[in-house]
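The basis for the numbers below is simple: all heavy atoms, side chains too, and nothing from hydrogens, waters or symmetry mates.
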Amino acid sequence: MILLKLSSDNENFKTIKFNTGLSIVAGLQKSKDNKKSYNGVGKSSGLNLIHWILGAKINNKTARDKKVNDFLKSYGNFYLKVRHKGCDFLIMKNFSHSEFYVNDKKYSAKDYATFLTETFIDNSFSSLSFRSVINCFARRYGEKYYSEAYGQQGQPNSDYKQRFINLALLGIDTSIVNRKHLVKKNIDKLTKSKSAIDSLISQDDIHLLKDLKEELRELKILREELEIAVAYDNEKEIADKLTFNINLMRDKLYEYRKSLQRKNTLLSQIGDVDVDIEQLKSVYEEANLLFSNDVNVGLKDACDFHRKLISNRTNRLAKDIGDLSDEIVKVKNDLEPAEKKRDILLKNLSAKGAFDEYDAVSSQILLKSDEVSKIESNLRFSKSIEAELSKEKLTNAAIHNEALGYLNSITESLEEIDDKFRRIVRSFYGSNTGSVNLTLSKDAQYLYDLDIHIPKDSSQGVNEVRIFCYDMLLYEMNKSILGFMAHDGCIFSELDPRHKARMFKVVLEYINDFGLQYFINIGQSSLDEVLSSDVLTISEKEEIRQSIALELLDESPETWLFGTQFG
């Protein structure tokens with residue numbers, strides 16, 4: 001990938017047209033006002049914009065981050081034109097929207113990340129993403145990017161992915177590293193699980209388990225001794241139904257007996273009534289009434305009719321009484337055996353033991369069984385994890401031995417890497433050179449410890465030289481993976497003026513020898529130191545002057561990168 005142009009449809013933006021070799025964004029002092037500064041004119045923003053347009057996330061943690069975010073969202077469209085394998089790509093990004101456009105084709109953020117990797121990263125580096133690669137070859141300002149040589153991702157030194165990327169770019173077989181990572185993750189996970197489950201198990205639990213099992217055995221024996229019939233529930237149901245039917249029969253018998261008593265009373269009352277015609281005559285005579293013979297005959301017929309009516313009613317009551325008596329006998333015949341059967345069942349159920357006690361014992365058995373089950377389950381799980389952990393540790397040990405053998409097999413390759421690094425460092429320190437050492441870690445996920453060393457690199461200035469030399473080493477070993485390199489001007493912050501010039505001298509050598517495209521920003525004071533140094537030849541100084549792609553001035557916001565002030 002070669003950078004061609006960074007621009008915006010906002011007319012205030014200062015377009016950067018990249019050179020094929022060295023491109024410099026310079027912050028220059030033009031104003032005579034001592035209160036003005038070329039710091040903050042947007043030198044670092046150019047490199048940051050390239051990262052953001054190429055899919056990097058914009059921080060939104062601090063108040064300043066939020067101001068930058070809001071400013072970019074309202075600024076307009078940004079364009080980055082790049083060339084890769086003879087094809088031009090125009091990438092458009094408006095930060096008020098999440099999507100990206102490449103040659104007018106719309107991509108979601110996720111699809112865009114995939115597109116960048118598949119388009120610009122060679123298949124031989126299929127284990128690496130575009131974002132991880134560009135971070136290694138274009139260190140931007142901020143975070144921890146310039147604190148450690150292999151800290152290009154801005155992550156802690158122990159970060160696995162950051163170590164993995166560096167090992168891959170150094171040509172180390174990362175398949176072993178990946179297997180180590182997976183096994184170590186499993187070991188860590190299993191160790192945490194083992195610790196968690198073991199916290200639920202104590203020696204008291206183990207001893208208690210034996211007691212619980214003994215109590216459980218005794219409870220089961222006690223339950224058997226209660227001799228509760230297996231058919232208890234069935235027999236109880238039959239007894240309940242019999243009781244229900246018995247109650248119905250008793251109610252019926254009660255009603256029959258009340259009806260019988262009522263009818264017997266009526267019958268006895270009817271038996272006391274008699275009709276005497278002579279008595280009727282006497283009644284009428286006492287009333288001084290005189291009856292003819294015809295009337296006498298009529299009174300006789302009335303008495304006969306009344307006697308017949310009483311006879312019929314008496315006969316009906318007698319029949320009803322007889323029927324009720326039969327029904328009472330029938331009900332009693334059904335009731336007596338039902339009561340006997342029910343009494344026998346209740347007696348049997350009572351004789352078979354106390355069901356309440358049986359139920360209580362059964363409940364205790366369930367509780368004790370649950371306690372036993374939990375402890376045994378935890379113990380089984382603990383043993384299972386322990387077995388799996390032991391297996392993973394054996395695998396881990398095998399990988400460790402395999403990795404040690406691999407390191408021994410690539411001794412010459414490691415020496416070549418070290419020699420290249422030492423050669424680059426000699427450009428700065430002569431015979432006082434550094435080293436790149438790869439050793440087997442004790443038991444880290446990333447498998448190998450990487451030590452990039454320059455004497456006195458605890459000094460910030462020396463550390464900046466170390467970072468620069470290591471980055472040039474990675475480019476030299478992976479010239480085709482990206483095509484360009486970039487550094488932020490903060491790499492000059494503590495450098496000796498001669499070392500600033502040395503950096504440019506090395507960059508110009510790589511441009512001429514390897515076709516490097518290099519992008520950097522620099523302030524007036526550092527630029528003056530570089531151009532006045534006797535480390536560089538006259539032609540090299542002139543080449544640097546001609547490589548200034550954009551001048552940002554301290555005069556007013558209109559002369560800054562965005563043409564306005566924000567933040």
Side-chain angles (χ1 to χ4, degrees), residues 1 3-10 12-18 23-27 37-82 91-98 100 109 112-113 116 120 129-147 151-155 467 471 482 484-493 517-523 526 549-552 557 559-567:
M1 175 190 285
L3 302 176
L4 298 179
K5 185 169 70 172
L6 176 64
S7 61
S8 172
D9 59 8
N10 188 316
N12 294 321
F13 187 78
K14 306 301 182 291
T15 297
I16 304 174
K17 292 182 179 179
F18 298 96
S23 296
I24 300 172
V25 170
S37 171
Y38 53 77
N39 293 322
V41 297
K43 300 189 303 296
S44 297
S45 297
L47 180 54
N48 284 336
L49 265 176
I50 291 172
H51 273 279
W52 294 332
I53 294 172
L54 290 174
K57 292 182 179 179
I58 303 177
N59 287 337
N60 200 30
K61 300 176 182 177
T62 66
R64 186 182 185 283
D65 290 338
K66 292 175 182 178
K67 287 181 180 179
V68 171
N69 235 322
D70 292 339
F71 174 79
L72 291 175
K73 287 178 180 179
S74 63
Y75 195 81
N77 297 326
F78 289 93
Y79 302 91
L80 178 64
K81 190 175 183 179
V82 301
I91 303 169
M92 190 276 281
K93 176 62 179 174
N94 188 305
F95 291 99
S96 63
H97 304 290
S98 61
F100 296 79
Y112 180 61
L116 291 174
F120 299 115
S129 69
F130 175 84
R131 285 296 328 149
S132 63
V133 169
I134 194 173
N135 283 339
C136 290
F137 293 96
R139 289 187 193 242
R140 50 184 162 151
Y141 175 76
E143 300 291 336
K144 299 179 179 179
Y145 301 117
Y146 287 87
S147 62
Q152 312 98 323
Q153 311 302 319
Q155 299 299 317
I467 289 172
D471 287 355
L482 193 61
F484 77 91
M485 283 189 67
H487 283 116
D488 184 81
C490 69
I491 199 168
F492 298 127
S493 63
Q517 183 188 40
Y518 187 80
F519 173 50
I520 193 167
N521 61 73
I522 193 170
S526 291
L550 179 64
E551 293 182 349
L552 301 175
T559 63
W560 301 352
L561 181 66
F562 292 103
T564 185
Q565 184 174 4
F566 72 94

Worksheet, complete the sentence: Minimal heavy-atom distance between I16 and A549, with the atoms involved, is CG2-CB, 4.3 Å

Practice prompt. Determine whether Y145 and R140 make a side-chain contact, defined as any pair of heavy atoms from C-beta on separated by less than 4.5 Å.
Written response: yes

Discussion item. Could you tell me if the side chain of F95 sits less than 4.5 Å from the side chain of D70, heavy atoms only?
Written reply: no

Worksheet item: Would you find more than 12 non-hydrogen atoms of other residues, nucleotides or ligands less than 6.0 Å from Y79 atom OH?
Response: yes

Fill in: Ring centres under 6.0 angstrom apart (F484, Y518)
no

Practice prompt. Establish, from distance only, whether the side-chain atoms of D65 and T62 form a donor-acceptor pair under 3.5 Å.
Written response: yes

Item to complete: State, yes or no, whether a side-chain contact exists between L49 and F13 at a heavy-atom distance under 4.5 Å.
Response: yes

Discussion item. Quick check against the 3.5 Å criterion: does S493 have a side-chain atom that pairs as donor or acceptor with the backbone of C490?
Written reply: yes

Worksheet item: Which heavy atom of I91 sits nearest a heavy atom of Y112, and at what distance?
Response: CG2-OH, 3.2 Å

Practice prompt. Could I get the full list of side-chain contact (heavy atoms from CB on, under 4.5 Å) partners for S129, not counting sequence neighbours?
Written response: T117, R131, S132

Practice prompt. Please tell me if the side chains of V82 and L3 come closer than 4.5 Å, counting only heavy atoms from C-beta onward.
Written response: yes

Worksheet entry | Side chains of W52 and V68 in contact at under 4.5 Å (non-hydrogen atoms) | yes

Item to complete: Grab the two heavy atoms, one from L561 and one from S45, that are nearest each other, plus how far apart they are.
Response: CD2-CB, 3.7 Å

Item to complete: Please tell me if the side chains of F130 and M1 come closer than 4.5 Å, counting only heavy atoms from C-beta onward.
Response: yes

Discussion item. I'd like to know if the side chain of Y146 and the backbone of R139 have a donor-acceptor N/O pair within less than 3.5 Å.
Written reply: yes

Worksheet item: Are the side chain of K93 and the backbone N or O of H97 linked by a donor-acceptor pair below 3.5 Å?
Response: yes

Item to complete: Look only at the side chain of T559 and the backbone of L552, and say whether a donor-acceptor pair between them is shorter than 3.5 Å.
Response: no

Practice prompt. Look only at the side chain of D9 and the backbone of N77, and say whether a donor-acceptor pair between them is shorter than 3.5 Å.
Written response: yes

Worksheet entry | Within residues 46-60 or reaching into it, pairs that qualify as salt bridge (charged side-chain N to carboxylate O under 4.0 Å, His left out) - sequence neighbours excluded | none

Worksheet item: If we ignore angles and hydrogens, is there a donor and acceptor under 3.5 Å between the side chains of N135 and Q153?
Response: yes

Worksheet item: Between I467 and S147, which heavy-atom pair has the shortest distance, and what is it?
Response: CD1-N, 4.3 Å

Discussion item. So I520 and F492, do their side chains get closer than 4.5 Å, heavy atoms only?
Written reply: yes

Practice prompt. Taking side-chain contact (heavy atoms from CB on, under 4.5 Å) as the test, write out the residues that go with K66, two or more places apart.
Written response: N60

Fill in: For G489 against N521, the heavy-atom pair lying closest together
N-OD1, 2.9 Å

Discussion item. Donor-acceptor check, side chain of H51 to backbone of A138, threshold 3.5 angstrom: yes or no?
Written reply: yes

Discussion item. So does W560 get a backbone contact from the side chain of K14, meaning a donor-acceptor N/O pair under 3.5 Å?
Written reply: yes

Worksheet item: When the ring planes of Y75 and F78 are compared, do they come out parallel, tilted or perpendicular, using 30° and 60° as the limits?
Response: parallel

Item to complete: Please assess I50 against F18 for the test side-chain contact (heavy atoms from CB on, under 4.5 Å), listing each intermediate value before the final yes or no.
Response: CA-CA 12 Å; I50 291 172; F18 298 96; 3.7 Å; yes

Worksheet item: So do L47 and V25 actually touch side chain to side chain, heavy atoms under 4.5 Å?
Response: no

